[in-house]
Amino acid sequence: MTTQKTFAFVFPGQGSQSVGMLDAWGDHPVVAHALQEASDALGEDMRRLIHEGPKEALSLTTNTQPVMLVAGVAAWRVWVAEGGGAPAAVAGHSLGEYSALVAAGVLTLSQAAPLVRLRAAAMQEAVPVGVGAMAAILGMDAQKVIEGCALAAASFGAGSVEVVEAVNFNDPIQTVIAGTKAGVEKACEVLKAAGAKRTLPLPVSAPFHSSLMKPAAEKLRDALSTVALSNPQIPVVNNVDVAVQQEADAIRDALYRQAFGPVRWVECVQSLKARGITHLVECGPGKVLAGLTKRIDPELVAASLYDPASLAEAQTLLA
């Protein structure tokens, strides 16, 4: 007797992009159509950007966010086109939440592509390059990281402009912090002294998901207010509240707050498991979320879907 596998699709965010990341799909019509749809929405050749790069161009936040969106949606559409069943839920890490919302039918790709580009541009403008920073704190409990950030921020004295906060709860002992450059450097010192295994500065251009992103979030909120959202066809577990929202205004508000609120990924994965999900499929380039899944809960079966070979593996796994 075979037991029914209950699965969720999860979509990666920034950091998983690479030049040529869709090449393995060849001329798959669904992938070609997704690239064309995004290109038309942005007035730019996205296929060429992803295929040719260069890496420096793909790494610009204003490009990274749209290319990761379209790559995740393309893989999802291939799954559907090849007869794959509907997941019990979807979620996305940071920017990946937009891919999840497209998969759930809340946004079209044509709506989402300009939104994520605006989100990226607004985030870049909110904090000048070189002023903000992010770092990954490895080998330390998340609560200790939160406390260390508070200590570091307090050390600058009342009224200081220095900021540092825990912004990505990626796995039980990997937390990303963000804020002003001085704030992040101070927190790294404090956390290293408190026993963190490693503090790793990240090559990013803005302190994503920190309170410094509030001005960007305001611009995003204005843009979201003009976009018509449809009811989700699949439950979407959001980052900011680890909740499933049905109402358009509640979804808009969660996306607004997500821009300057932490990514609660550990809780998102735990929430998916609590819904009876046994298999998590990372839909889009890379295997970052599959790796995190194993560290968050080894009982969950993690898979990736980013090319024809991994599609075949996912089809077999979930059959």
Side-chain angles (χ1 to χ4, degrees), residues 10-17 58-69 71-72 91-101 112 115-138 142 145-146 149 152-153 161-171 174-185 187-188 199-221 223-224 238-242 254-268 284-286 288-289 292:
V10 292
F11 296 84
Q14 276 182 242
S16 294
Q17 70 279 358
L58 275 194
S59 299
L60 291 169
T61 293
T62 49
N63 287 334
T64 307
Q65 297 204 18
V67 300
M68 284 302 297
L69 168 78
H93 188 287
S94 181
L95 157 76
E97 192 164 301
Y98 287 80
S99 306
L101 288 165
L115 267 180
V116 300
R117 174 150 278 175
L118 177 140
R119 176 181 185 266
M123 284 176 158
Q124 197 53 79
E125 286 160 17
V127 180
V129 174
V131 172
M134 297 181 80
I137 311 302
L138 309 178
V145 176
I146 293 169
C149 286
V161 296
E162 305 302 341
V163 170
V164 61
E165 296 153 0
V167 296
N168 285 10
F169 298 97
N170 286 336
D171 77 25
Q174 188 204 111
T175 304
V176 174
I177 63 173
T180 55
K181 198 164 185 295
V184 170
E185 284 169 359
C188 285
T199 59
L200 194 67
L202 298 180
V204 293
S205 51
F208 302 118
H209 296 290
S210 72
S211 56
L212 298 172
M213 292 288 110
K214 194 90 188 275
E218 300 296 341
K219 289 180 188 172
L220 181 61
R221 179 158 64 178
L224 282 163
N238 71 27
N239 288 184
V240 75
D241 301 316
V242 194
L255 287 173
Y256 156 70
R257 287 181 293 115
Q258 189 230 48
F260 62 93
V263 175
R264 296 163 62 185
W265 192 248
V266 172
E267 291 170 89
C268 285
V288 172
L289 300 184
L292 295 180

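Since this is a predicted model, take the numbers as computed values, not measurements.
Proximity of R117 to P66: side-chain heavy atoms (C-beta onward) are separated by under 4.5 Å at one or more points. No side-chain heavy atom of M68 sits under 4.5 Å from any side-chain heavy atom of Y98. At least one side-chain heavy atom of V167 sits under 4.5 Å from a side-chain heavy atom of M134. Residues R264 and V240 fail the side-chain proximity criterion, which asks for heavy atoms closer than 4.5 Å. In this structure, the side chains of T64 and L60 stay at 4.5 Å or more apart for every pair of heavy atoms. Between V263 and E97, the closest side-chain pair of non-hydrogen atoms is not below 4.5 Å. Side chains of L101 and L255 form a contact here, defined as non-hydrogen atoms less than 4.5 Å apart. Looking only at side-chain heavy atoms (C-beta outward), S59 and Q17 come within less than 4.5 Å of each other.
Between F260 and A217 the shortest heavy-atom distance is CD2-CB, 3.3 Å. Here the closest non-hydrogen pair linking A133 and K181 is CB-CA, 3.9 Å. Residues N238 and A254 share a closest heavy-atom pair of ND2-CB, 3.5 Å. Among all heavy-atom pairs drawn from A152 and G183, the shortest one is CB-O, 4.4 Å. A pairwise comparison of heavy atoms in L202 and A136 identifies CG-N, 4.0 Å as the closest pair. Of all non-hydrogen atoms in E162 and A182, the two that sit nearest each other are OE1-CB, 3.5 Å.
One distance of note links SG of C188 with CG of L200; it measures 9.0 Å at 0.5 Å rounding. Expressed to the nearest 0.5 Å, how far CD of E267 lies from CZ of F169 amounts to 8.0 Å. Atoms OG1 and CE, on T61 and M123 in that order, are 9.0 Å from each other to the nearest 0.5 Å. The OH atom of Y256 sits 4.0 Å away from the CZ atom of R221 when rounded to the nearest 0.5 Å. Summarising the geometry, atom CD belonging to Q14 is positioned 10.5 Å from atom CG belonging to N63; distances are rounded to the nearest 0.5 Å. Summarising the geometry, atom CH2 belonging to W265 is positioned 12.5 Å from atom CG belonging to D171; distances are rounded to the nearest 0.5 Å.
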Go through it in stages, so that I can follow the logic: the residues are L115 and L224, the test is side-chain contact (heavy atoms from CB on, under 4.5 Å), and I'd like the CA-CA distance, side-chain angles, deciding distance and then a yes or no.
CA-CA 8 Å; L115 267 180; L224 282 163; 3.7 Å; yes

Any chance you could lay out the side-chain contact (heavy atoms from CB on, under 4.5 Å) test for N168 and S94, step after step, and finish with the verdict?
CA-CA 9 Å; N168 285 10; S94 181; 5.7 Å; no

Test Q124 against T62 for side chain to side chain donor-acceptor pair (under 3.5 Å), laying out the working first.
CA-CA 8 Å; Q124 197 53 79; T62 49; over 6 Å; no

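Taking the charged nitrogens against the carboxylate oxygens, K219 and E125 do have a contact shorter than 4.0 Å, which makes a salt bridge.
Side chain to side chain, E165 and S210 fail the donor-acceptor criterion of an N or O pair below 3.5 Å. Looking at Q258 and R119, their side chains do bring a donor and an acceptor atom within 3.5 Å of each other.
No side-chain donor-acceptor contact under 3.5 Å links N170 to the backbone of Q174.
Of the options L212, V127, V184, a side chain to side chain contact (heavy atoms under 4.5 Å, CB included) to V163 is made by L212 and by none of the others.
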